[in-house]
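Okay, so here's the structure we're looking at.
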Amino acid sequence: MEANLAQIIRELYDVDTDVKLTRPDPEFGDYATNVALQIANKLGRNPRDVAEEIAAKLREFAHLSEVTVAGPGFINMKLTASVLLDNLEEVWGPTYGNNQDGHGKTVVVEYPSPNMAKPYSVGHLRPGNQGWAAKQLMEATGWKVITDNHLGDYGAPLGIWIAGFLKYSNDEALEKDGVYELGRVYIAMKKALKEEKEQDGHELADEVQDWLLKFEAGDGQAQLFSKRFNQISLDHIHAVMSRLNISTEYELGEAFFAPRGKEAVQRLLESGVAIQNEDNSIIVPLDDMGFDVPLLVQKSNGAALYATSDLATILYRESEWHPDKVIYAVGAEQQFYFAQLFAMAKKLGIGTELIHLWFGTIDQVNEDGSREKMSSRKGVILMEELLNQAEAKAHQVVEGRDVSEDDVKKIALGAVKFSDFTSDRRTNILFDWDNIFALTGFSGPYVQYAAVRLNKIVKEYGQGSARVEGYDYEAEKAIIAKLLDYPSVVTLAARDLEPHRIANYLYELARDMNRYYESTQIATGEVNDDEKAARLGILSKVSQVFDHGLNLLGIQVPSQM
RNA sequence: GCACCCGUAGCUCAGUGGAUUAGAGCAUCUGUCUUCGGAACAGAGGGUCGCAAGUUCGAAUCUUGCCGGGUGUACCA
């Protein structure tokens with residue numbers, strides 16, 4: 001249609017325009033365009049007249065049932081529902097929604113990369129949700145995707161754990177509370193270290209440092225502690241990721257890349273990108289890239305930093321995987337750091353597109369009503385606690401119905417995940433129990449419920465027919481039009497890594513479905529065979545899109561709810 | 001100080017490659033009265049889109065300035 005319009009304009013006025021169709025309010029039409037307004041100025045003509053001329057030409061197209069000009073010069077077009085369905089049938093298939101934009105290209109997606117020192121908290125909800133959605137969107141658009149969980153399993157936390165454990169804890173407590181005990185020890189020790197520093201002491205800090213040195217020297221006891229603590233933490237992370245229904249192909253953490261950091265720094269020095277200060281620290285000056293602060297890649301005591309292993313990570317991925325793109329699902333707080341990191345990579349001649357898939361903070365409301373980022377200081381909510389509560393809520397709602405434990409988990413997870421996708425990833429979200437567990441309105445369970453209802457009907461009465469001759473599909477028009485929109489929604493969501501577009505779309509589709517369902521009998525009552533076959537056919541398509549879209553968000557459709 | 005993000009209904013948020021009457025959910029009020037599943041549907045009230053100027057035939061959307069908030073700003077992870 002867009003091409004046709006462009007052609008008409010070329011013939012009428014001899015100008016090339018990029019025509020865009022929009023979806024106006026249904027009372028105006030099914031599609032609309034404001035090209036007349038855009039070109040009228042150029043032509044020095046009245047936009048309304050131009051619109052009328054274009055509309056006259058458009059009326060020659062048989063499949064447009066109505067073409068009108070409105071307002072200052074909008075062209076509104078109406079199509080019959082069966083023409084819309086023909087259009088849909090042309091592009092329909094078992095993988096409807098997917099495309100091959102990324103064919104032949106490889107992308108590395110890094111998520112959720114939790115810090116291993118503390119238990120998995122809601123602070124890691126977004127890296128998992130957004131990272132997973134990014135992975136799904138890239139796959140849906142034809143990319144080869146490699147996923148990597150960049151674990152924070154190296155460095156100071158180990159020293160803090162060991163020293164803290166000996167000071168504040170014991171085997172019994174660790175046995176009993178596992179990662180939660182480790183988290184307590186870590187936080188207590190961090191606090192003690194901070195207090196010590198404020199009083200210019202260094203006894204505890206030395207202890208931590210000693211343990212790190214012992215570990216690096218291969219000391220048996222330190223190795224044993226490391227192995228034990230890491231295992232507890234890793235088991236916990238895997239358990240939570242499994243509950244969240246997310247996973248990664250690789251798990252190459254800090255510990256894996258740390259030894260390669262030295263080489264990376266060497267390369268920086270040799271290429272002249274980095275310089276060594278008199279105090280032995282090594283920095284990458286970035287003033288030529290617009291940064292007033294250089295990136296520190298080696299401390300004055302010779303120790304490595306994040307930037308060091310992150311650079312080693314980039315180099316490793318380049319040589320092993322040759323990606324065209326790397327996506328880091330990490331919070332907005334690290335925007336400045338990633339900008340520096342990417343600038344350094346660029347100076348080193350790395351041409352791969354590096355993307356920081358950032359997202360806003362998770363906030364809490366203070367007593368005075370102001371909002372602030374959730375922090376361990378003010379008390380974070382643990383992920384397992386969140387999931388437990390979500391499941392309890394779901395249980396409560398399905399009480400008395402025959403719903404499996406598996407389905408309850410899907411509903412709980414649907415609510416939690418979908419709430420993250422209701423707003424743009426860049427928006428700081430307010431952590432609110434009512435919101436995150438929402439089961440009605442613009443929520444995951446609302447969409448899941450619509451899908452479940454429809455699936456049951458299809459299961460009971462059949463899949464219907466793709467196209468029933470003689471049926472006008474007018475009752476299904478809004479749904480057909482909505483289905484036609486889906487591929488472009490996926491394309492945009494993937495292009496900008498904006499999964500909330502998918503959530504918005506699914507909600508609207510579910511709402512259209514519920515309205516339709518309310519007003520139209522599908523398979524019972526006074527419905528003839530043609531109507532039944534036609535309607536069930538549409539339902540099957542909607543069902544497929546619900547599955548596809550929710551799957552992009554990492555949400556499953558329960559069999560019962 | 002500087003950088004990035006944000007400011008839209010009582011609350012939480014969409015809408016920002018300019019465009020026909022700014023939309024949802026929650027909350028409030030009213031109706032459907034439960035038929036293929038009501039976690040639903042229909043409706044009402046509620047907004048000078050932070051403020052001011054500019055660009056434009058047209059600005060929540062683009063530009064500039066200001067006000068307010070959040071996050072970050074090399075030896076932390």
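No experiment lies behind these values; they were computed from the predicted model shown. Just so it is clear: chains get the letters A, B, ... in the order the sequence lines come, proteins before strands, and each one is counted from 1.
- Of the candidates B:U12, B:A74, B:U21, B:U21 carries the atom nearest the A:F28 side chain, counting heavy atoms from C-beta on.
- Two rings, from A:F165 and A:F229, have their centers less than 6.0 Å apart.
- As judged by a 4.0 angstrom heavy-atom cut-off over every strand, A:E254 is placed among residues making no nucleic acid contact.
- Within 3.5 Å, a donor on the side chain of A:D279 pairs with an acceptor on the base of B:C75, or the reverse.
- Stacking of A:R426 on the aromatic ring of A:F359 is not recorded, the 6.0 Å distance cut-off and the 45° axial limit not both being met.
- For A:F74, counting side-chain heavy atoms from C-beta on, the closest listed nucleotide (B:A77, B:U20, B:C36) is B:U20.
- Residue A:R371 places its side chain closer to B:C13 than to any other of B:C13, B:G72, B:C76.
- Residue contacts for A:V398: at a heavy-atom cut-off of 4.0 Å it reaches a base atom on one of the strands shown.
- Atom name C1', nucleotides B:U61 and B:C76: the rounded distance is 40 Å, in whole Å.
- Under 4.0 angstrom from either OP1 or OP2 of B:G72 there lies no side-chain N or O belonging to A:Y337.
- Within a 6.0 Å radius of CD in A:E216, more than 12 heavy atoms belonging to other residues, nucleotides or ligands are found.
- Positionally, the nearest nucleotide of RNA chain B for A:Y31 lies more toward the 5' end than for the other of A:Y306 and A:Y31.
- Across the P atoms, B:C66 and B:U73 are found 25 Å apart, a figure rounded to whole Å.
- Distance CD (A:E526) to P (B:C36): 14 Å, rounded to an integer number of Å.
- Contact annotation for A:G71: no contact, since no heavy-atom pair falls under 4.0 Å across all strands.
- Distances from the side chain of A:N435 to the nucleotides B:C36, B:G72, B:U12 place B:U12 closest.
- Ranking B:U12, B:A77, B:A24 by closeness to the A:F442 side chain, first place goes to B:A24.
- For A:D434 against B:U12, a side-chain-to-base donor-acceptor contact under 3.5 Å is absent.
- Among B:A40, B:A74, B:G70, the nucleotide with an atom closest to any side-chain atom of A:L296 is B:A74.
- When the side-chain nitrogen and oxygen atoms of A:T440 are compared with OP1 and OP2 of B:C26, one or more of them lie within a distance under 4.0 Å.
- If you check distances only, the side chain of A:N34 does reach the base of B:A19 with a donor-acceptor pair under 3.5 Å.
- Taking 4.0 angstrom as the limit, A:H356 places none of its side-chain polar atoms (N or O) nearer than this to OP1 or OP2 of B:C4.
- Base pairing annotation: B:U48 forms no Watson-Crick or G-U wobble pair, as no partner gives both donor-acceptor distances under 3.5 Å.
- Ionic pairing of A:R23 and A:D485 is present here: one or more N-O contacts between side-chain nitrogen and carboxylate oxygen are shorter than 4.0 angstrom.
- Note: CG (A:D407) to P (B:A39) measures 16 Å, nearest angstrom.
- Between A:Q340 atom CD and B:C75 atom C1' the separation is 13 Å, expressed in whole Å.
- Checking B:C13, B:A14, B:A24 against the side-chain heavy atoms of A:T427 singles out B:A14 as nearest.
- Residues A:Y446 and A:A510 come closest through the heavy atom pair CE2-CB, 3.5 Å.
- A:Q521 comes within contact range of at least one nucleobase, with a heavy-atom separation under 4.0 Å.
- Geometric assessment of A:R260 against the ring of A:F256 yields a positive cation-pi assignment under the 6.0 Å and 45° thresholds.
- At the heavy-atom level, A:T524 lies under 4.0 Å from base atoms of the strands shown.
- Nucleic acid contact class of A:I429 (heavy atoms, under 4.0 Å, all strands): sugar-phosphate only.
- Rounded to whole Å, the separation between the P atoms of B:G68 and B:U48 comes to 22 Å.
- For the C1' atoms, the distance from B:U30 to B:C13 is 26 Å, rounded to whole Å.
- When heavy atoms are screened at a 4.0 angstrom cut-off, A:L430 is found touching the sugar-phosphate backbone but no base atom.
- Closest contact between the side chain of A:R453 and the listed nucleotides B:C36, B:A40, B:A39 involves B:A40.
- OP1 or OP2 of B:A14 has not a single side-chain nitrogen or oxygen of A:N504 nearer than 4.0 Å.
- Taking the side chain of A:E27 as heavy atoms from C-beta on, and the options B:U20, B:U21, B:G25, the nearest nucleotide is B:U21.
- Nucleic acid contact class of A:A156 (heavy atoms, under 4.0 Å, all strands): sugar-phosphate only.
- Screening A:W358, A:F342, A:Y111 for a ring-ring contact (aromatic ring centres under 6.0 Å, His included) involving A:Y328 leaves a single residue, A:F342.
- Taking a pair to require two hydrogen-bonding distances under 3.5 Å in either a Watson-Crick or a G-U wobble arrangement, B:G72 pairs with B:C2.
- Checked against A:Y471 for a side chain to side chain donor-acceptor pair (under 3.5 Å), the options A:K532, A:E531, A:R535 give a single hit: A:R535.
- The nucleotide whose nearest atom lies closest to any side-chain atom of A:Y449 is, among B:A74, B:A39, B:U71, B:A39.
- Heavy atoms of A:A32 sit under 4.0 angstrom from at least one base atom.
- OP1 or OP2 of B:A42 lies within a sub-4.0 Å distance of a side-chain N or O belonging to A:R515.
- Atom CG in A:L21 sits roughly 16 Å away from atom P in B:U20 (whole-Å rounding).
- For the P atoms, the distance from B:G10 to B:U20 is 23 Å, rounded to whole Å.
- Side-chain atoms of A:S300 come within donor-acceptor range of the base of B:C75, with a qualifying N/O pair under 3.5 Å.
- The residue among A:Y517 and A:P294 whose nearest nucleotide of RNA chain B lies closer to the 5′ end is A:Y517.
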